[in-house]
Amino acid sequence: MTIPLRCTIAAFATAVLVISGGTAAAAQTEGTDPSVVATQASASVNMTTDANGTTITTESSEGDHDAVEFGIPGAPSEDAVDLAAVPRDLQSGAGRPVASTEIDGALLTSYASDVGVQTLIEIADAGSPTEYAFPFEMVGGSSLQLQPSGAVFVNDATGLPAAMLDVPWAFDANGAPVPTSFRVEGSTVVQVVDTSAVTAYPVVADPDFWWIVTNSAGCLAEIAGLSLVGAKAVQVFAKADRIVRAAAALGKYYDALGGKIDKVIGIFKKWINNKASLTRKQLTALEGLIREGAKIFFNAVGLGTCYSLVKGS
């Protein structure tokens, strides 16, 4: 695995992003007047910097939820974590950085994605912080809810998920996974990165914000309710794996998607919000799996609402 290197925001000055017919303008916001700096297929992203710090505002293109604002810790920086070096299966952001900050040697860079915004944290050394607080501006009765999977839902006033922070990941300079998790403190999400004496620096971690497509909320809620770690999850997934492999027609598609339940579920989450975020190989394999055995797969894992969603599509 290649760990991102720092680059300068100026290096992106002429970049224009095109995803699924959406275009992200290569512009930054100065002062307190917000302007759209990225517009994607399913979301727009604004950035403002003032005396109170750097704030990201993202809004779903569906227009059925209030915009979400959250702060990025640190002071504005001209450096940026290079998204191009992040493995393809971990990328959701693209194009020019929307915002970049630095705090005690750690660099945080946000990129617009087709469904929200991805922020990369580059932890330079053992002297850098291991906790990063992202304060959310909660409006209209919205609230944050930590899920068993480790994801965080942004619920609307009715308690339904309008958006989410996906399960976080972190890797060190050798490509070894570093334990990381979210903690919710009122209206603030704190990402904790548990480095140790054997951690090779720099470490890169990722909080990834997604808007939830309205008709997929129940399915994503089911997925977030799955705990992808622990003995119980191992047993459930092992049983589901045997069920899926017992269906001969599903094997080639299952293996093409990584041959593991959690990998297939991760790819399916991307498919829900924007099919264009998948590679052609992933898209072909997932659609084959759905076509040949959606009922077997989703019911084996316990995702009945997801089966209803794909059956309707």
Side-chain angles (χ1 to χ4, degrees), residues 43 45 52-60 65-74 90 92-93 99 101 103-104 106 108-111 113 115-121 123 128-171 177-195 203-214 216-230 232-233 262 265-266 269 272-273:
V45 181
N52 296 319
T54 298
T55 300
I56 298 291
T57 303
T58 177
E59 187 171 6
S60 170
H65 295 295
D66 292 320
V68 170
E69 293 185 4
F70 60 92
I72 305 294
L90 297 179
S92 63
T101 63
I103 178 169
D104 297 332
L108 295 88
T109 303
S110 297
Y111 291 88
S113 75
V115 291
V117 57
Q118 180 178 35
T119 299
L120 298 173
I121 306 170
I123 303 173
S128 300
T130 57
E131 295 194 2
Y132 298 86
F134 300 88
F136 280 70
E137 181 69 25
M138 310 309 296
V139 296
S142 58
S143 61
L144 301 173
Q145 184 182 43
L146 184 65
Q147 302 299 306
S149 65
V152 173
F153 275 176
V154 181
N155 292 334
D156 63 20
T158 68
L160 292 175
M164 67 182 290
L165 284 167
D166 203 2
V167 179
W169 54 258
F171 292 92
V178 177
T180 184
S181 60
F182 289 136
R183 183 175 73 243
V184 173
E185 298 178 350
S187 59
T188 298
V189 176
V190 180
Q191 182 163 358
V192 181
V193 184
D194 293 319
T195 56
V203 170
V204 174
D206 147 278
D208 194 0
F209 179 93
W210 295 30
W211 284 102
I212 295 176
V213 178
T214 302
S216 67
C219 174
L220 286 176
E222 277 188 336
I223 292 174
L226 290 172
S227 178
L228 303 186
V229 296
K232 183 177 181 180
D262 57 338
I265 290 173
K269 282 199 297 184
I272 291 173
N273 273 315

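Since this is a predicted model, take the numbers as computed values, not measurements.
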**Q** Applying the side-chain contact (heavy atoms from CB on, under 4.5 Å) test to F182, which of L146, V190, V192 qualifies?
**A**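 Answer after filtering L146, V190, V192: L146.
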**Q** In the structure I gave you, are the side-chain heavy atoms of V154 and M164 within less than 4.5 Å of one another anywhere?
**A**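 No. Closest side-chain heavy atoms not under 4.5 Å.
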**Q** Testing the basics here: between T119 and P207, what is the closest heavy-atom pair and its distance to 0.1 Å?
**A**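 The pair with the smallest heavy-atom distance is O-CD, 2.8 Å.
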**Q** Quick check against the 3.5 Å criterion: does T101 have a side-chain atom that pairs as donor or acceptor with the backbone of P73?
**A**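 It does hold such a pair.
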**Q** Are F136 and V184 side-chain neighbours, meaning at least one heavy-atom pair lies under 4.5 Å?
**A**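 F136 vs V184: side chains apart.
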**Q** Could you measure the distance from the CG atom of D208 to the CG atom of L165? Nearest 0.5 Å is fine.
**A**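 CG of L165 is found 8.0 Å from CG of D208.
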**Q** Below 4.5 Å, heavy atoms only, C-beta onward: do D156 and S143 meet side chain to side chain?
**A**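 Side chain of D156 against side chain of S143, heavy atoms only: no contact under 4.5 Å found.
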**Q** Please report the shortest heavy-atom distance between S128 and D104, naming the atom on each side.
**A**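 So the two residues come closest at OG-O, 3.4 Å.
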**Q** If you take all heavy atoms of V204 and W169, which pair is closest and at what distance?
**A**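 Heavy atoms of V204 and W169 come nearest at O-CZ3, 3.5 Å.
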**Q** What's the separation between atom CD in Q191 and atom CZ in F134, rounded to the nearest 0.5 Å?
**A**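 Atom-to-atom, Q191:CD and F134:CZ are 6.0 Å apart.
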**Q** Does any non-hydrogen side-chain atom of V203 lie less than 4.5 Å from one of T195?
**A**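 Yes; the side chains approach each other to less than 4.5 Å.
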**Q** For the CZ atom of R183 and the OG1 atom of T188, what is their distance to the nearest 0.5 Å?
**A**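 It comes to 10.0 Å.
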**Q** If you define the side chain from C-beta out and look only at heavy atoms, does anything of I103 sit under 4.5 Å from Y132?
**A**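 Result yes, sub-4.5 Å side-chain heavy-atom pair found.
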**Q** Under 3.5 Å, is there a donor on one side chain and an acceptor on the other for Q118 and S110?
**A**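 Judged by distance alone, the side chains do not pair up.
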**Q** Any chance you could measure T180, atom OG1, to I121, atom CD1, to the nearest 0.5 Å?
**A**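 With rounding to 0.5 Å, OG1 (T180) is 7.0 Å from CD1 (I121).
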**Q** Indicate yes or no: at least one non-hydrogen side-chain atom of L108 is less than 4.5 angstrom from one of L120.
**A**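 They are not in contact (no side-chain heavy atoms under 4.5 Å apart), so the answer is no.
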**Q** Testing the basics here: between G186 and L144, what is the closest heavy-atom pair and its distance to 0.1 Å?
**A**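 Smallest heavy-atom distance, with atoms named: O-CD1, 3.8 Å.
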**Q** With F209 as reference, evaluate V152, V189, V68 under the side-chain contact (heavy atoms from CB on, under 4.5 Å) test and give the passing residue.
**A**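 Considering V152, V189, V68, a side-chain contact (heavy atoms from CB on, under 4.5 Å) with F209 is found only for V68.
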**Q** Calculate, to the nearest 0.5 Å, the distance between atoms CD and CD1 belonging to E69 and I56 respectively.
**A**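 Atom-to-atom, E69:CD and I56:CD1 are 10.0 Å apart.
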**Q** If you apply the rule side chain to side chain contact (heavy atoms under 4.5 Å, CB included), what do you find for V193 with V178, and how did you get there?
**A** CA-CA 7 Å; V193 184; V178 177; 3.8 Å; yes
**Q** Within the distance-only criterion (no hydrogens, no angle test), does the side chain of Q147 pair as donor or acceptor with the backbone N or O of Q145 below 3.5 angstrom?
**A**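 Pair found, side chain donor or acceptor close to backbone of Q145.
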**Q** Could you pull out all residues at least two apart from D166 that satisfy salt bridge (Lys or Arg N to Asp or Glu O under 4.0 Å)?
**A**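 With sequence neighbours excluded, D166 shows a salt bridge (Lys or Arg N to Asp or Glu O under 4.0 Å) to K269, given in chain and number order.
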